[in-house]
Amino acid sequence: MTEPLAPQFDPQTIEAPLYQWWTERELYRVSADAPGERYVIQMPPPNVTAVLHAGHGLTYTIQDVLTRFERMRGAKALWLPGTDHAGIATQNVVEKLLAKNGQTRFDLGRDAFVEQVWQFVRETGSTILDQLKALGASCDWSRTYFTLDPALSRAVREVFVRLHEKGLIYRGKYIINWCPRCLTALSNEEVEKEERDGSLWHFKYPIEDGSGFITIATTRPETILGDVAIAVHPTDERYRALIGRNVRVPILDRLIPIVADDVVDATFGTGAVKVTPAHDATDFEIGRRHNLAAIDIMTDDAKISDAAPERFRGLDRFVARKRVVAEFDQLGLLDKIEKHRNAVGRCYRCDTVVEPKLSDQWFVKMAPLAAPALQAYRDGRLTFIPEHQGDNYATWMENIRDWCISRQLWWGHRIPVWYCNQDQAGETRGEKRQTGGCGNIMVSRDTPTQCDKCGGALRQDDDVLDTWFSSWLVTFSSLGWPDKTPDLAAFYPGTTMVTAPEILFFWVARMIMAGIEFMGEIPFSTIYLHGTVRDTQHRKMSKSLGNGIDPVEVINRYGADALRYTVVSGMSVGTDLILDPADLDTSFASGRHFANKLWNIGRFLLGHLESGAAPLASIDPSTLTLADRWILSRAHETIVTATQHNERFRLNEAAGAVYHFLWSDLADWYLEQVKPRLYGTQPGGDTARAVAAHVFDIALRLLHPVMPFVTETLWQRLPNHAPDASISLAAWPVSTEAPTNAGAITDFESVQAIITAVRVLRAEYGVAPGLSVNVTVGDASKLAQRAIDAEGETIRRLAKIESLSLGVSSGPGATKVLDDGTKITVPLGELVDMDKECARLGAEATKLDGLVVAQENKLANEQFVSRAPPAVIEKEREKLVSWRTQAESLREQRRSLGCAD
RNA sequence: GGGCGAAUAACUCAGCCGGUUAGAGUGCCUGCCUUACACGCAGGAUGUCGGGGGUUCGAGUCCCUCUUCGCCCA
């Protein structure tokens, strides 16, 4: 793996072979008995049919960074991958394929259809995993699971049976969210609410005795066909006298009562509402309280059913809505139509308007599971990042509702319930199910062959379980549960959960409940909810909007490292990541540029290390130059910063610190300083090589979690480690600041200040880059003198100085005053425009005078001096001294130039 | 309707426990093909820190309020 570096950085040629090398050597495979403290991240399993999108790119990069960081710190780090069978999504994909041939799943039949889905999954299921590999994901692939694997399916059944035994699973008729296109129930979380402009229709219902009308308001007129009552608030004076009387539903000629119920909002509409128990959750509750019938007026595909008068039957719900309105209008009973904004629920998979529908479904009673999960948060055992997400979690837990877990799909874990009856497959959903046989219902871990009561034939429930009913178990089902495996002991509970906030309730909250219920322990202690990838209009990236970014394309163009760095550095805790899908070049510029820079730093440095480098420890400290001591100090500062930020999930700050160290400190300053020693035009080459190799090694390690490919490529070519070692298993750097380096930072900063001052003056007066200048340093502070003593040669070279002398300059020159009052003067002779120079110095002096006055007032303020901490006061005093000195120095320079006041 | 978040340079964003002459990347301007890198080097310009009020010796940072935008829940 150590061919010479190509002159041009080409991520394509290094990344794929490197990943293969990591995989072949099984570097990220973790066994239960591996040494180290456990660190476990469960990968949120992508849908098995998914292809990588920008959101995946973000979340999986973060997870990989954290895993690689902890692995280098010596942890037994496991990032556990898998894929999700994704019931509705996958079934929809295959149904669409069938539709191309004019077929539906019903044409194939259940078994053939499911087999077809399996075949599809086998063909395409590894796509996203391959894409993850291109991203550089260091997961333990040997553990990859699929939620429909036999082992995980066994866990699903075990959980269903256990919950049933505890009385936490029940079957019941409730209003559920029904998708008339997918023909299945949806959980509350699977329904997306969307505010839209709609109408609020006011209809008049005649009172039975002909004494008048009562007017109701509704947003869904078609449901009038299922009306069984009118409800008003019991304290509503307007309607009090009418309670208990009957009204006639005009277009149905149905007589219904007026009832009083607390849930009616007297301020909404007319204060009187129609009650349709079969098509509205609130109405259902009212119906129960008042013993009202529930008339289901819709078929599964949202057409009007036989329960309605013949002229409505078979109409689409929205056609029926118009028809109902028209009929009221004809009868003169349409009071008015108001504009009304209301939230309509839509299927999160196909965007069809969801129909609240009365149906037989399986539910999990959630309150008993939620209580300990809420307690875990209250006790501080769960940490949310950002912190405020915890409140979201708590609110949801406090108001938890039962979970509808049955889905009328074919792709998924079939519900482990068997009915002893004569009814054959076909008309088996909910209310149409007839009970024959002995009526026994069996809930079983195994697949029973006959009724355990009468020995009769059994029929399994047709429905499958909600996809999340398997994914809420993965923190332990992926480790062998319900068996007590060594893996389970070694890797449960995990450590960190990293995911998008939108699946906090879908998945994260439920995993916590499942973990407590079945393992007796929360499954992870930290939940990092990162932001969302959005376009420049802050819209979520989505297929339908066509505003997505394809990470694979980005990787092909700029490399995974560039993608990863851009994503990590652009994302801080609690904020979204905005990228421009129309301009990938610009969006990924920072990562692209940095990867290239790093490559070239490596090319340069490694080119000078071919004959090896001595370990730093073997170098005589007295041979270290100021620059050496400075870069070593900076390296140690960077270690501390990067480590702390990574620990606090501030990955952007950590990456930024290393970026600055590599680019600004190492490349712009240290490598420039060290060149003569490397070239051999100055002595001290061994020391220079040792220091350079040492700090570069540190920087590569610090950067490795974010940019695994470039860092590995360069690191392997560094001397002083085993030839077949991988940086991904190298130790995370530890800061051990050498005492000899004390003060190196301030001293070298003075070197930088002197060089910069000369460069500024050169630029200001347009001195040709090739031309050397003379420089005099006046009023040199001790600091400046030390800097010149230590790095005079560097100053001369980097600022292109012919002669550098201490003392007062003679003749006209251009001057810069440093923070400590040191005057840097370039005598430029006739090049200097005296008026301009006087004005420039004057402007700077004036600006400083302002600062000085403000600072004097501050320090004269009794309140400040008595109340501010001593350290702050000391700092402010130093500032005042510095500003005064500078101002004085500038004025002095003006006098010497003979500037007019 | 309830809850939460955001508003800082032209753009995308940092700024952590209140004390910096308010930073980075990109873009822009000037000059450089200095044999690691033009995906580069050197220098530069640009800010009522959304408005108003308050707390404090001191506010981009804390509190209140208004405006605008976004998210979640009903």
Side-chain angles (χ1 to χ4, degrees), chain A residues 5 7-9 188-189 192-193 265 267-268 343 386 388-392 394-396 399 501-502 504-505 531-532 534 536-540 558 562 565-566 569-580 583 585-608 644-645 648 650 652-653 656 659-660 663-664 667-668 671-672 675 678-679 755-756 758-764 766-770 797-800 819 847-848 850-851 854-855 857-869 871-873 875-876 879 882-883 886:
Chain A
L5 294 175
Q8 285 296 315
F9 173 55
N188 292 319
E189 288 73 20
E192 289 178 349
K193 291 291 171 87
D265 177 2
T267 63
F268 180 81
H388 67 84
Q389 291 284 1
D391 294 336
N392 251 351
T395 309
W396 188 78
N399 301 299
E502 53 260 37
L504 177 59
F505 307 134
T532 309
R534 297 177 185 280
T536 48
Q537 293 172 58
H538 294 220
R539 297 178 306 180
K540 209 186 245 185
Y558 317 123
Y565 179 79
T566 301
S569 65
M571 174 93 178
S572 57
V573 170
T575 64
D576 289 337
L577 178 68
I578 281 85
L579 295 169
D580 186 356
D583 188 358
D585 262 4
T586 302
S587 289
F588 293 93
S590 61
R592 206 172 88 232
H593 293 170
F594 188 36
N596 182 66
K597 183 72 182 181
L598 198 53
W599 182 261
N600 282 291
I601 293 172
R603 277 214 309 142
F604 171 74
L605 202 47
L606 295 169
H608 290 283
Q644 284 176 352
H645 284 311
R648 298 170 61 209
R650 297 176 170 270
N652 59 325
E653 298 284 340
Y659 177 99
H660 184 269
W663 200 315
S664 305
D668 289 347
L671 292 185
E672 292 305 327
K675 273 176 179 172
L678 293 183
Y679 293 156
I755 293 170
T756 301
V758 177
R759 284 174 175 170
V760 167
L761 291 170
R762 294 179 61 114
E764 192 119 16
V767 177
R797 189 162 46 83
L798 297 187
K800 207 112 171 83
D819 287 352
K847 185 178 151 201
L848 282 161
L851 289 172
Q855 198 69 359
N857 289 341
K858 185 185 242 181
L859 286 162
N861 184 337
E862 197 69 29
Q863 300 282 359
F864 173 69
V865 180
S866 59
R867 297 196 190 192
V872 170
I873 296 170
K875 215 170 147 191
E876 297 299 318
K879 276 195 225 164
S882 165
W883 292 338
Q886 288 176 64

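Per chain, numbering begins at 1; letters A, B, ... match sequence-line order. Bear in mind that the values here come from a model prediction, so they are computed numbers and not experimental data.
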Original post:
Do any N or O atoms from the side chain of A:Arg762 and from the backbone of A:Ala768 form a donor-acceptor pair under 3.5 angstrom?
Top reply: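 Yes; at least one donor-acceptor contact below 3.5 Å.
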Subject >> d(CG, A:Asp583; C1', B:rC39) in whole Å >> reply: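 Nearest whole value for this atom pair: 14 Å.
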Subject >> Integer-rounded Å distance: B:rU56 P and A:Glu862 CD >> reply: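 These atoms are roughly 18 Å apart.
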Using a heavy-atom cut-off of 4.0 Å across all strands, would you classify [X] as base, sugar-phosphate, or nothing?
X        : answer
A:Thr575 : sugar-phosphate
A:Ala667 : base
A:Val760 : sugar-phosphate
A:Phe588 : nothing
A:Ile601 : base
A:Tyr659 : sugar-phosphate
A:Gln644 : nothing
A:Arg603 : sugar-phosphate
A:Arg648 : base
A:His660 : nothing

Subject >> A:Phe604 six-ring face occupied by A:Lys675 cation (under 6.0 Å, within 45°) >> reply: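 Yes; both conditions hold, so A:Lys675 lies above the ring face of A:Phe604.
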Suppose we call a contact any N or O donor and acceptor under 3.5 Å apart; does that hold for the side chain of [X] and the base of [N]?
X        : N      : result
A:Lys800 : B:rU34 : no
A:Gln8   : B:rA36 : no
A:Lys597 : B:rC37 : yes

Which nucleotide wins on minimum distance to the side chain of [X], given the candidates [options]?
X        : options                : value
A:Trp663 : B:rC41, B:rC13, B:rU21 : B:rC41
A:Glu653 : B:rG15, B:rC39, B:rA14 : B:rA14
A:Ala763 : B:rG43, B:rA36, B:rC73 : B:rG43
A:Asn600 : B:rA36, B:rG25, B:rU21 : B:rA36

**OP:** Counting Watson-Crick and G-U wobble pairs only, both distances under 3.5 Å, name the nucleotide matched with B:rA6, or none.
**Re:**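 Across any shown strand, B:rA6 pairs with B:rU68.
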**OP:** Quick one: classify the glycosidic conformation of B:rC17 as syn or anti, with syn meaning within 90° of 0.
**Re:**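 Nucleotide B:rC17 adopts syn.
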Subject >> Residue whose nearest RNA chain B nucleotide is more 5′ - A:Lys675 or A:Ala589 >> reply: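 Nearer the 5' end of the strand: A:Ala589.
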